> 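Dropping the structure in here first, questions after.
Here the structure is a predicted model, which is why all the values come from computation and not from measurement. Just so you know, ligand 1 is whichever comes first in the structure, and atom 1 is the first atom listed for that ligand.
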Amino acid sequence: MDSFELNKIAGALLGTLLFVMGLGMLGDVIFAPHKPVVAGYDLPAAEDAPKAGAAQAAAAPAVPLPQLLAKADAKKGEAQAKACAACHSFDKGGANKIGPALYGIVDRAKAAAPGFGYSAASKEAAAKGGKWDFASLDAFINNPKGYLPGTSMGYAGLKDAEKRADLLAYLRTLSDNPAPLPQ
Ligand code: HEC
C-alpha cells in the first residue's frame, strides 16, 4: 500500500466522520425537543368544571308554578301560542284542526272537545277522570310525550318554565269565566 492509497482511506474516513457529525447537527435542528412551558401534567379539572355547573343548575330549586303564574304575562303567552296555532284554534266556537279546539281548556275535562278523534292514550287518561288544571297543562306542554306516552300531539314541548307560565296565563284568558290562579 503506498502513501497515496493511505491518504485516500484517511480521506474517506474523515469524510464519513464529517458527514455523520453533520447529520447529528441537522437532526438537532429538525427534531429539536419541545420543552413544555409549564412542567407537569394537565389535570382534568377544566373538563369537570362545566359538569359541576350543570349539576348545580339542575339542583337549583325550580320556582313553583303558582309563583310563576302570579307574574306571568298573557300577552307574551299569546305570542307563544303561535307555535300551537298550526294545530289548535283558540277562539270561542273555534273548530278542531289537527288538534282539538282549545277555547276554555283550563279546567276542562281531558279529551272533551266534541267531534275530535283523540288518541287511545288521551281517551284512557280521560277515562280515569281528571281535568286540565294549570299543573297538568304545565306538565303536558313541557313534555307531551313524557306526560302522556302515546299521545298523537306532535309537539316537542316548551322547556322554558317562564314561557310556559306566560302561555298558561294566555290559555286562562280563553274563557267566559277564567279559572282562579292557583295559590
Ligand atoms: C303538530 C300539531 C300540534 C301542535 C303544534 C300542538 N298540538 Fe296540542 N294537540 C295536538 C293533537 C293531535 C292533540 C290530541 C292529542 C291526543 O289525542 O293524544 C293535542 C292535544 C292537546 C291538548 C289536550 C286537549 C284535550 O282536549 O284533552 C292540549 C291542552 C294541547 N294540545 C295544548 C297545546 C299547546 C298549548 C300547544 C302549543 C304549545 C300545542 N298543543 C301544540 C296537536 C298539536
> Classify the ring geometry of Phe90 against Tyr170: parallel below 30°, tilted from 30° to 60°, perpendicular beyond 60°.
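The rings of Phe90 and Tyr170 stand perpendicular, inter-plane angle above 60°.
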> What protein heavy atom is closest to atom 17 (O) of ligand 1, reported as residue, atom name and distance in Å?
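The protein heavy atom lying closest is Ser119 N, 2.9 Å.
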> For ligand 1, which atoms sit closer than 4.0 Å to a heavy atom of Ala111?
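Atoms satisfying the 4.0 Å criterion: 25 (C), 26 (O), 27 (O).
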> Under the 3.5 angstrom rule, does the side chain of Arg164 hit a backbone N or O of Leu158 as a donor-acceptor pair?
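Side chain of Arg164 to backbone of Leu158: a pair is present.
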> Could you tell me the residue and atom name of the protein heavy atom closest to atom 26 (O) of ligand 1, and the distance to it rounded to 0.1 Å?
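Going atom by atom, the protein heavy atom closest to atom 26 (O) of ligand 1 ends up being Tyr118 OH, 2.5 Å.
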> Only heavy atoms of Ile141, strictly under 4.0 Å: list the atoms of ligand 1 that pass.
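Near Ile141, meaning under 4.0 Å from one of its heavy atoms, ligand 1 has 35 (C).
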> Could you grab the angle centred on atom 8 (Fe) of ligand 1, going from NE2 in His88 to SD in Met153, to 10°?
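Angle NE2(His88)-atom 8 (Fe) of ligand 1-SD(Met153): 180°, rounded to 10°.
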> Nearest to atom 29 (C) of ligand 1, what protein heavy atom do you find, and at what distance?
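For this ligand atom, the closest protein heavy atom is Leu137 CD2, 3.4 Å.
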> Does this structure show an ion pair linking Lys8 with Glu5, if we count only N-O contacts that are shorter than 4.0 Å?
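Not counted as a salt bridge, because no side-chain N and carboxylate O are separated by less than 4.0 Å.
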> Please say whether more than 12 non-hydrogen atoms of neighbouring residues, nucleotides or ligands are located less than 6.0 Å from NZ in Lys110.
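Counting neighbours around NZ of Lys110, more than 12 heavy atoms of other residues, nucleotides or ligands fall under 6.0 Å, so yes.
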> Answer yes if Leu167 and Tyr147 sit in the same cluster of Ile, Leu, Val, Met, Phe, Trp and Tyr residues linked by side chain heavy atoms under 4.5 Å apart, and no otherwise.
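Result: yes, single cluster for both.
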> Could you check whether any side-chain N or O of Asp166 sits under 3.5 Å from a backbone N or O of Asp73, counting only pairs where one atom can act as donor and the other as acceptor?
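At least one qualifying donor-acceptor pair exists.
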> Would you say Arg108 touches ligand 1, if touching means a heavy atom closer than 4.0 Å?
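Arg108 counts as a contact of ligand 1 under the 4.0 Å cut-off.
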> Identify the heavy atoms of Leu148 and Ser122 that sit nearest to each other, and give their distance.
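Closest heavy-atom pair between Leu148 and Ser122: CD2-OG, 3.6 Å.
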> Starting from atom 1 (C) of ligand 1, locate the nearest protein heavy atom and write down its residue, its atom name and how far away it is, to 0.1 Å.
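Sorting protein heavy atoms by distance from atom 1 (C) of ligand 1 puts Cys87 SG, 2.7 Å first.
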> Students should be able to answer this: which protein heavy-atom is nearest to atom 28 (C) of ligand 1, and at what distance?
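Among all protein heavy atoms, the one nearest atom 28 (C) of ligand 1 is Phe140 CE2, 3.6 Å.
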> For the atom pair CD (Gln67) and CG (Leu181), what is the distance rounded to the nearest 0.5 Å?
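Reported to 0.5 Å precision, the distance equals 13.0 Å.
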> Keeping Lys145 on the side-chain end and Met153 on the backbone end, is there a donor-acceptor pair under 3.5 Å?
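A pair under 3.5 Å: yes.
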> State whether the shortest distance between N or O atoms of Lys110 and N or O atoms of ligand 1 falls below 3.5 angstrom.
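For ligand 1, there is no N or O atom that lies under 3.5 Å from one belonging to Lys110.
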> Side chain or backbone, does Ser122 bring an N or O within less than 3.5 Å of an N or O on ligand 1?
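Looking only at distances, the answer is yes, because the N/O contact criterion of under 3.5 Å is met.
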> Note the single closest protein heavy atom to atom 38 (C) of ligand 1, along with its residue, its atom name and the distance in Å.
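The protein heavy atom lying closest is Cys84 SG, 2.7 Å.
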> Do Tyr118 and Ile98 share a hydrophobic cluster (ILVMFWY, side-chain heavy atoms under 4.5 Å, transitive)?
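The answer is no; the residues belong to distinct hydrophobic clusters.
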> So is Pro100 touching ligand 1 or not, going by heavy atoms under 4.0 Å?
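Pro100 counts as a contact of ligand 1 under the 4.0 Å cut-off.
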> For atom 32 (C) of ligand 1, what's the nearest protein heavy atom and its distance?
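Going atom by atom, the protein heavy atom closest to atom 32 (C) of ligand 1 ends up being Leu102 CD1, 3.6 Å.
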> With a cut-off of 4.0 Å, which atoms of ligand 1 are near a heavy atom of Ile105?
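The atoms of ligand 1 under 4.0 Å from a heavy atom of Ile105 are 24 (C), 29 (C).
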> With heavy-atom distances below 4.0 Å as the criterion, list the atoms of ligand 1 near Thr151.
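What qualifies from ligand 1 is 15 (C), 16 (C), 18 (O).
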> At less than 4.0 angstrom from any non-hydrogen atom of Ala83, what atoms of ligand 1 do you find?
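This gives 5 (C) as the contact atoms.
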> Among all protein heavy atoms, pick the one closest to atom 12 (C) of ligand 1 and tell me residue, atom and distance.
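Ranked first by proximity to atom 12 (C) of ligand 1 is Ile98 O, 3.3 Å.
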> If you count every heavy atom of other residues, nucleotides or ligands that lies below 6.0 Å from Lys76 atom NZ, does the total exceed 12?
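No.
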